[in-house]
Amino acid sequence: IIPVYNVEKYLKKCLDSVVKQSYQNYEAIIVCDKSSDDSEVIVDEYVKKYKNFSKIYEEHTGLSKARNIGVEASNGDYILFLDSDDYFKPNLLDVLSYTLDDTPDLVRFQIQQVKDKEIIRHNEQGFDTIDGISAFNKIFKYHYIENAWSYCYNARFYKKNKFKFMEGCIAEDYGLIPLVIAKAKKVKSLNYIGYNYVQRKNSLMTNPEYSKKIKKMDDMLVQSAFLKSKLKDIPNNELYNMSSGLIT
């Protein structure tokens, strides 16, 4: 699922990283907001050329709504999110396909940050299949905010739980991914870097504008309250106790 909005400079590299996957049994759902650049023109070229690419057009979506729309339209057994300024490693889908024999709810993989010509690798320790609470405790050592695009999601598990990103928010991953992990029965993590996270100037997460920073903080408070209310309903959940000290 690839949300697209004003990313013409990065979009072809992103879409090519999907086209060039060694594993080809996939659908690529591109959710287009109204762009002021040629992003949609590029999307139309790929949709016309590749039969497993499709486009959904809806104005004023924002990233969260675009992801939610893509999930609803998806038909695959597993779901991946790809931001349109980032790109996959060419064998990501192939590597993932070999990890799905025990039908995990989540498969986590590693990322690397790409900033200008600098590459920052995140080589974190993977783990075999465990339950969601145990997985969260391991992942928490590295991050409290987990990115949606560093996971492969079992579509049945995801849709059964009616997971949705909170729309209109910045840092929307924060309000959902911890809950997804906590509710999972089977989680595994790979010692494999499969995703290139491009850090560009003035992206949604790096925009230096003061009002954007204030909104991000406000949105995280709203999402914190949501997370806390949901985590307390999960039986034997250590995360709720952790969240009591971290989420106010």
Next on the checklist: Using side-chain heavy atoms (C-beta onward) and a distance below 4.5 Å, is Ser17 in contact with Asn196?
Outcome noted: no

Checklist entry - Please walk me through it: do Phe157 and Phe163 pass ring-ring contact (aromatic ring centres under 6.0 Å, His included)? => result CA-CA 9 Å; Phe157 158 73; Phe163 293 127; 5.5 Å; yes

Next on the checklist: Which residues pass the salt bridge (Lys or Arg N to Asp or Glu O under 4.0 Å) test with Lys186, not counting sequence neighbours?
Outcome noted: none

Checklist entry - Is there a donor-acceptor pair closer than 3.5 Å between any side-chain N or O of Gln223 and the backbone N or O of Ala171? => result yes

Next on the checklist: Let me check something: do Tyr57 and Ile29 share a hydrophobic cluster, defined by ILVMFWY side-chain heavy atoms less than 4.5 Å apart, either directly or through other members?
Outcome noted: no

Next on the checklist: Please determine whether a side-chain nitrogen of the Lys or Arg among Lys89 and Asp94 lies less than 4.0 Å from a carboxylate oxygen of the Asp or Glu.
Outcome noted: no

Item to check | Between Tyr78 and Asn154: side-chain donor-acceptor atoms closer than 3.5 Å | outcome: yes

Checklist entry - If we ignore angles and hydrogens, is there a donor and acceptor under 3.5 Å between the side chains of Tyr197 and Asp83? => result no

Checklist entry - Taking side chain as C-beta onward, heavy atoms only, is Ile177 less than 4.5 Å from Asn147? => result no

Checklist entry - Which distance, rounded to the nearest 0.5 Å, do you find between the CD of Glu172 and the CE of Met166? => result 10.5 Å

Next on the checklist: Can a donor-acceptor pair be found, under 3.5 Å and without considering hydrogens, that links the side chain of Glu59 to the backbone of Cys32?
Outcome noted: no

Next on the checklist: Does Arg67 form a side chain to side chain contact (heavy atoms under 4.5 Å, CB included) with Asp173? I'd like the steps, not just the answer.
Outcome noted: CA-CA 11 Å; Arg67 285 175 174 171; Asp173 301 1; 2.7 Å; yes

Checklist entry - Quick one: are Val18 and Ile2 in side-chain contact, heavy atoms under 4.5 Å? => result yes

Checklist entry - Taking the inter-plane angle between the rings of Trp149 and Tyr195 on a 0 to 90° scale, is it parallel (under 30°), tilted (30 to 60°) or perpendicular (over 60°)? => result parallel

Next on the checklist: Any carboxylate oxygen within less than 4.0 angstrom of a Lys/Arg side-chain nitrogen, looking at Glu72 and Lys164?
Outcome noted: yes

Checklist entry - Is the shortest distance from a Lys or Arg side-chain nitrogen in Lys160 or Asp105 to a carboxylate oxygen in the other one below 4.0 Å? => result no

Item to check | Pair Tyr10, Glu8: side-chain N/O donor-acceptor within cut-off below 3.5 Å | outcome: no

Checklist entry - Is there a donor-acceptor pair closer than 3.5 Å between any side-chain N or O of Tyr153 and the backbone N or O of Ala148? => result yes

Checklist entry - Under 3.5 Å, is there a donor-acceptor pair between the Glu146 and Tyr151 side chains? => result yes

Checklist entry - Do Asp131 side-chain atoms and Lys185 backbone N/O form a donor-acceptor pair below 3.5 Å? => result no

Checklist entry - Is there a donor-acceptor contact under 3.5 Å linking the side chains of Tyr5 and Ser84? => result no

Checklist entry - Mind checking whether Leu80 and Tyr23 sit in one hydrophobic cluster, side chains of I, L, V, M, F, W, Y counted as touching below 4.5 Å? => result yes

Item to check | Nearest-0.5 Å distance that lies between atom CZ in Arg156 and atom CD1 in Ile79 | outcome: 12.5 Å

Checklist entry - So, the side chain of Glu27 versus the backbone of Ser74: is there a donor-acceptor pair under 3.5 Å, distance only? => result no

